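This structure is a prediction, so every number in the text was calculated from the model and none was measured. Atoms considered below: every heavy atom in the structure, side chains included; atoms not considered: hydrogens, waters and symmetry mates. Chain letters run A, B, ... following the sequence lines, proteins first and then strands; every chain starts at 1.
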2 protein chains.
Amino acid sequence: MATIYDVARLAGVSPATVSRVFNGTTVTPENERVVRDAAARLEFVPNRTARTLRRRNSDIIALVIPDIENPYFTALARGVEDEARAAGYSVVLCNTDGDVTRESDYLEVAVSEHMAGVIIAAASDQSDLSPLLSRQKAVVAVDRVPHGAAIDAVTIDNAVGAELATRLLVERGYERIACIAGPDDVETSVARISGWRDALSRAGLRADHDLLEHADYRVEGGSAAMARLLGRTDPPDAVFVANNLMSVGALRVLRDAGIHPPEIGVASFGALPFSTSAPTGVSMVSLPARELGASAARMLLARIRGDRQAPRTLVLEATAID
Amino acid sequence: MATIYDVARLAGVSPATVSRVFNGTTVTPENERVVRDAAARLEFVPNRTARTLRRRNSDIIALVIPDIENPYFTALARGVEDEARAAGYSVVLCNTDGDVTRESDYLEVAVSEHMAGVIIAAASDQSDLSPLLSRQKAVVAVDRVPHGAAIDAVTIDNAVGAELATRLLVERGYERIACIAGPDDVETSVARISGWRDALSRAGLRADHDLLEHADYRVEGGSAAMARLLGRTDPPDAVFVANNLMSVGALRVLRDAGIHPPEIGVASFGALPFSTSAPTGVSMVSLPARELGASAARMLLARIRGDRQAPRTLVLEATAID
DNA sequence: CTGAAAGCGCTTACAG
DNA sequence: CTGAAAGCGCTTACAG
């Protein structure tokens, strides 16, 4: 692969001048021309590794997400990409599969590759961002903020959204409203449970402990939890499901059992992805996933550009679709 | 950030010894211990940028896909990740959004970051892989192979799968079977159209030119194409839809028009993602997305390890779900 | 097994 | 505006 030295020799200038051409600094038009010609002739591509080593930072942003198969996170990724690319950054996605070990591997990659910044939807409340923070890397939490992390964040108002969703069930007259929650080490799940509880207590309904099922924020978890609820001696008459994928799983179990909403009430936190049937009897709150990503990217870009304000949290709202 | 020199000083050894500890070469147990202690004390993280510059290759694999919002590609990504990670590589995802300019930006990043290899589902038949090939970068095409590229590839038998899907409609007795195809500059779309034609001609049915609609492999494209078909003076009695997302779009339009399969026949190339209703009257062929990714990763890893065989193409089969 | 030293390909402060 | 030179943080052939 051609280097700056090869280009310099062919163009009859110094390597410094070649470098300047590719970095937009002061060069005479004539030199600019000969350098670009030589570079084209040699198919020269600047070695970013060398540049990053020298400059101590690259123009790549890492987006770390827990589940690449969840359309919510891919929509969020699109939001990040659109903003970041407009500002001249490339974004690479890292999928942790909800595993804190994989996650810290990727954080180490981001640090040791001197990436410009990191946007992270943490695998768990216990996720350790210290490798980033201790090196003052620009970082924004999105969707979820690990416990105690004093950093920029863009989140959804999970408690309010969950209450909203649950209230839709209350208003339809359901009285034994169960909850299929996410992993208990994920912040968003805890908040959604409390929203569910609030809606019930305001309606004078009981949030019995046995109406709460924990699952994994995935399709299979939703199925399993729904199956457990149906197996109860005293099953619920409705269920609030704490994320989009678990709603898919729950609805599949209901379909297979021949139970069709509104025979049982279902409210989903997050719209059903790629649905093709008007899901009668299914209430949903919709999440601004793309906007979440775009906002996170804007905050990160500000930090990369040197913003030194105290960390801020932007909270976006979920909206009801009934 | 601590460097190898800081660690060496604290441990009382040379930088070379520190390097050797982190690269698994011969060091005395005693030295190994003091070095690791010192490294831990300093929170030392090896600088991959420097290592990559020196070694001229990294342990990151790039996976370049055209649509991160398509569950088919995210499932494929999971397949790649599982294999690559097991072999000690990190994989980063690059979303081109079907745009060849974005794609070539990412290929340049992969080259100039000296990534270990690239797995690519090309944005178009015109995608230019020469930046990779001229530098002998390990590369495997997946799902789609750009025109004339003599490289390793893992694909689906699109023509056979499309014929299979269309035949399901024929067997159900439909006679005017339209096709909603993908972009005409994408190889897979061309092959699926020919599969559709073959099924019709074998059944003695006409594949009239006006039964063919081109769209964009996205939900919106499927909706628009279906709407156009319904608007015809002589609409089809069935439709073969060339990918999963367009099927979602087409079914939404049918739902909104109050037309329910099997009143009109629908066959989808690729299973409907996250479906919750048993889609009565909708035939599907299912694609081994994850296996596609896993196979591509295995081929890439073999190349990275120095395999010098002539390029091979592995073709996987679609299977009917009726 | 270990260390001194060269070199990977850039960028940039410095001097002119 | 331009060039010579140092240096970013590693790895590794070479000598011992």
Spacing of A:H114 atom NE2 and A:K137 atom NZ [to the nearest 0.5 Å]: 6.5 Å
Toward the 5' end of DNA chain C, by each residue's nearest nucleotide, B:P15 or A:A16: B:P15
Residue met sooner reading DNA chain C from 5', once B:V13 and B:Y5 are mapped to nucleotides: B:V13
ring-ring contact (aromatic ring centres under 6.0 Å, His included): pairs with one or both residues in residues 86-113 of chain B, sequence neighbours excluded: none
ring-ring contact (aromatic ring centres under 6.0 Å, His included) pairs, two or more places apart, involving residues 49-75 of chain A: none
May I ask you to say whether [X] pairs ionically with [Y], meaning some side-chain N is under 4.0 Å from a carboxylate O?
X      : Y      : value
A:D99  : B:R85  : no
B:E291 : B:R298 : yes
B:R144 : B:E187 : no

Test side-chain contact (heavy atoms from CB on, under 4.5 Å) applied to A:F22 - qualifying residues, sequence neighbours left out: A:V18, A:V35, A:R36, A:A39, A:F44, A:P46
Separation of the P atoms in C:dG9 and C:dA13, to the nearest angstrom: 23 Å
C1' atoms of D:dT12 and D:dG16, separation to the nearest Å: 16 Å
Restricting to side chain to side chain donor-acceptor pair (under 3.5 Å), what partner residues turn up for [X], sequence neighbours left out?
X      : value
B:D37  : B:R33
A:E108 : none
B:D184 : none
A:D128 : A:S130

Side chain A:R102, main chain A:N95, donor-acceptor under 3.5 Å: yes
Touch class at under 4.0 angstrom, heavy-atom based, for A:S19 against every strand present: base
Residues within residues 27-45 of chain B bordering DNA chain C, heavy-atom distance below 4.0 Å: B:V27, B:T28, B:N31
Where at least one partner belongs to residues 5-19 of chain A, residue pairs that pass salt bridge (charged side-chain N to carboxylate O under 4.0 Å, His left out), sequence neighbours excluded: A:D6-A:R9
Contact boundaries on DNA chain C for chain A, cut-off under 4.0 Å to non-hydrogen atoms: C:dG9 to C:dA13
For DNA chain C, the dot-bracket pattern of Watson-Crick and G-U pairs whose distances stay under 3.5 Å, | for other-strand partners: |||.||||||||.|||
Stretch residues 46-59 of chain A: residues that reach within less than 4.0 Å of DNA chain D through a heavy atom: A:L53, A:R54, A:R56
